[in-house]
2 protein chains.
Amino acid sequence: MVASRASVSVATVSLVASGKTDGRVSADTVIRVQQAIADLHYVVNRVASSLATGSSNFVILVAPDISNPFFARVIAGVREALGSSYQLLLSVTDSGQMPQLESVRELLAFRPAGLLVDAPSARLMQSLVVDEPIVFLDAPGADAGAPAVNLDVVRGAEALAVHLAERGHRTVAYLDSVTAASTFALRRRAFLAKAQECGMSPIETPRARSTIDVGSAATEFAKVWPAWQRAGVTAVVCATDTHAYGVLQVAHSLGVRVPEQLAVSGFDDLPFSAMSHPSLTTVELPARKLGRAAADLLVALIEGRAPDSGPPLMPSRLIIRDSTGGFVNGAA
Amino acid sequence: MVASRASVSVATVSLVASGKTDGRVSADTVIRVQQAIADLHYVVNRVASSLATGSSNFVILVAPDISNPFFARVIAGVREALGSSYQLLLSVTDSGQMPQLESVRELLAFRPAGLLVDAPSARLMQSLVVDEPIVFLDAPGADAGAPAVNLDVVRGAEALAVHLAERGHRTVAYLDSVTAASTFALRRRAFLAKAQECGMSPIETPRARSTIDVGSAATEFAKVWPAWQRAGVTAVVCATDTHAYGVLQVAHSLGVRVPEQLAVSGFDDLPFSAMSHPSLTTVELPARKLGRAAADLLVALIEGRAPDSGPPLMPSRLIIRDSTGGFVNGAA
DNA sequence: CTGAAAGCGCTTACAG
DNA sequence: CTGAAAGCGCTTACAG
C-alpha cells in the first residue's frame, strides 16, 4: 500500500480513504494522508475491499435486447433510484436471446450488492433460487416468492381489444416478439382472449414474430400480410411499438392505407409514436417508473429493509391515436 | 471453502475448479471433487480469485447514449470478438452525458482485464493516462499514443457534401448531436468545410442540436426550420440517422416535401433508413466492425501481444437514397 | 499426486 | 489517536 509510505501509517490510510475519521484520526494526519492519496492518484482497490468487507456497492442489471429503446428508459429509472449509493453495471444478451441461468450464476460470482433481471423467461425465474438480493422486472408469472416489479400489460391489452371491437373490426392478427420473455406471452394471450370475448376472430396462423427492430418486423409483416389479407384481417396488434413501425412502413410501401384499410397498434408508447404518420395507437408502459420501482425494491432488499408495500404493478394505459382512428365498419 | 469439506483436500479443489488437472490430480479425486462442486452448487468467488491472481476476465465498456441503436450494433461486434474468453459488462451514462474521468477511475477500481471507452470527449482521452489496457472507440483526435479504433467519418461527410453540391444545393444546414463526443464535432467540421469548398453556403446560425432521439430531433428541427427556410436552406445533414428521422417527421407534418423542397441525410445507416419514406441517404458507419476491431485490439493489449497492424480506421460509405434524390436545380 | 503455507490489498476489532 | 494482526476466499509455488 503505497500511500502508507508517503506519510507514516497503514490502517489509518484505510480509515481516511473511506472517510471514517470521526474522532479516530487527528485532523493533521487526515490532511497529510489525503495529500499523499492525491499525489499518488491512489484509488482503493475495490476487489480487495469487497473481499475484506464481504460486501460491494454495485448492482448488475441483466437484460435482453438492449436495442429496444424501451430499455433505455428502464435504465434511466434504475439509475435514478440507485442514486450515488450504488453503481450500475449492465450485462446484455445477444439480440433475441434470453439471459441464461448459467450466465446469471457467473454474474453472481462477481458478488454484486444485488441483481436486477429484466424480462426473464419463466424457466429462469424458477431455477434461480439464491439468497443474494435479486429483483425481476417485467416478469409476469414470477411465483409470489420472487421479488418482482411488473407492468399491468393485461389491462392495456384488453383495452386495446375493446377499442378495436368498438371500431368495428372483426378479424385481427398479432405480431409477436421472438423472445421468450413472459411479458410478451402475456400481452399476446390477454389480447387474443379479450378479442375473442368481444366477438372478434383472431387469426393465429400464420404465426408472426420477429426480433424487436424495425427491419425484422417489416420483413416478417411483409411475409405474412398476403395470408392475413386473404383472411380478411383489418387490424394488427404488435408486441412493441418498434414492431408497429415496421408494419407502418410496409403498409405504406404496399399502398395499404392506415387506418382505413388496416389498423395498427403497439405497446410502449415510445416518443416516436406520437409523431409517426399516422401517429400510433399504443399501450403506454411506464418504463422509467418500472426501473425506479425495481431499483427501490432491490435497495430495500440489500439493506435488509422490508419493502414499503406489496408487489408493485405499474399501470398501463391505452393511448388512441390515428393509426386505429379512422376505421368504421357497420355500426361504430 | 465448503467444497473441501465434501471430499478431502483444499488447494486441490482450486485446481479442479479451474481445470488445471493435467497430471497434477488423479482421475479419482477429480471426479469426487467435481461431484462435491455440483452438489453444493459451488461457484468460485471471482472477487477472491481476482485478488489472488491479480487478474480478471471481464471487460468494461463505457458508453454514452445507450439509446442510440447504433450502439447496440457496436456491442454485438464487441461480444463477437470477446468470445467466451472475456465477459462484457457495460457502464452507461445518462442520455446526452459524456463519461467522466472520475467515473472511469472508479470503474478501473473494479480491476477489469481491460476497458473500452466509446465516443469519449477529447478531454477524457487526454487526462486518462493509466497503464491498464484501454481502447477508445470512435474517438477521432486521440493523440497517437492512446490505442483507438476509429471511423473514417471524414470521407463520408465529404462525399455527402460533394453529392449535395452536385445535386445543385447552394444553402445547407447541419443538425448536430449535443454530446461532446469528438466524432460528432468531426462529422460537422468535415461536412461544413467540404461544403464551403464545393461552393455551398452552410448556415451556421441558428445552431441546431439535440440528443440522439427522434423526439428531441423533431422538436429541435421544428424550432430552427423557419429561420433556415428564410435563409433558403434546401438540404439538411444530420449527425445521425436518428436525428434525420425526426427531421423527416416534422417535414412531413409541415408539408415540406422531401427531397423536392428539402434534402435530408444522416450518418449510421440504421436498418430503418432503407425503409423510411422517403428512404434515407446516409453515411454508412460499420458499427459492428468497429466493435469487433476495438475488442480485438483490447484483447491483444491485455494479452501483451503487439496489435496486428497500425491504428485501424473503419471505412465509411455514402449511400444515396430517395431523401436526397429528386432535387434538381439549374444544372445537375 | 496432494496438502500446508504464504500472499493478493484491503478492513476491522483490538491493543497500546 | 495510531499501529500490529488477523482474516476475507482464492491461487500458486513448494514440500512431502
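Fair warning: this is a prediction, and the values are worked out from it, not measured in the lab. Lettering of chains follows the sequences in order, A, B, ..., and the numbering in each one begins at 1.
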I'd like to know if the side chain of A:Ser56 and the backbone of A:Ala113 have a donor-acceptor N/O pair within less than 3.5 Å.
yes
Separation of C:dT2 atom C1' from B:Arg32 atom CZ, nearest Å, is 11 Å
Compare the minimum distances between each of C:dT12, D:dC10, D:dG9 and the side chain of B:Val44, then state the nucleotide with the smallest one.
D:dC10
Hey, is the side chain of A:Thr29 poking within less than 4.0 Å of OP1 or OP2 on D:dT2, counting only N and O atoms?
yes
Calculate, to the nearest 0.5 Å, the distance between atoms CG and CD belonging to B:Leu107 and B:Glu132 respectively.
11.5 Å
State whether A:Tyr42 places a side-chain N or O below 4.0 Å from either non-bridging phosphate oxygen (OP1 or OP2) of C:dC10.
yes
Could you work out which one of D:dT2, C:dT12, C:dG7 sits closest to the side chain of A:Ser26?
D:dT2
To the nearest angstrom, the CG-C1' distance between A:Leu15 and D:dG3 comes to 11 Å
What is the distance, rounded to the nearest whole Å, between atom CG of B:Asp28 and atom C1' of C:dT2?
13 Å
In terms of the nearest nucleotide of DNA chain C, which residue is placed more toward the 5' end: B:Val30 or B:Ala48?
B:Val30
If we call it a pair only when both distances are under 3.5 Å in a Watson-Crick or G-U wobble match, what pairs with D:dG16?
C:dC1
Proximal nucleotide (of C:dG3, D:dG9, D:dG3) relative to the A:Thr12 side chain:
D:dG3
Please report the distance, rounded to the nearest Å, between CG in B:Leu51 and C1' in D:dC10.
8 Å
Between B:Arg32 (side chain only) and B:Ala27 (backbone N and O only), is there a donor and an acceptor less than 3.5 Å apart?
no
Distance-minimising heavy-atom pair for A:Thr240 and A:Arg187
CG2-NH1, 4.2 Å
Of the listed C:dA5, D:dC8, C:dT2, the closest approach to the A:Ala52 side chain comes from D:dC8
Which nucleotide sits closest to the side chain of B:Asn45: D:dC10, C:dA5, C:dC10?
D:dC10
Can you tell me how far P of D:dG9 sits from CG of A:Leu108, to the nearest Å?
16 Å
Give one of base, sugar-phosphate or nothing for B:Ser18, where a contact means two heavy atoms less than 4.0 Å apart.
nothing
Taken to the nearest whole Å, NZ/B:Lys20 to P/D:dA13 is 9 Å
For the CE atom of B:Met98 and the OG1 atom of B:Thr93, what is their distance to the nearest 0.5 Å?
7.5 Å
Without decimals, in angstroms, what is the distance between B:Ile31 CD1 and C:dC1 C1'?
15 Å
Verify the contact: side-chain N or O of A:Ser49 to OP1 or OP2 of C:dC10, cut-off strictly under 4.0 Å; return yes or no.
no
From D:dT11, C:dA4, C:dT12, pick the nucleotide closest to the side chain of A:Ser14?
C:dT12
Whole-Å gap separating C1' (C:dT11) and CZ (A:Arg46)
16 Å
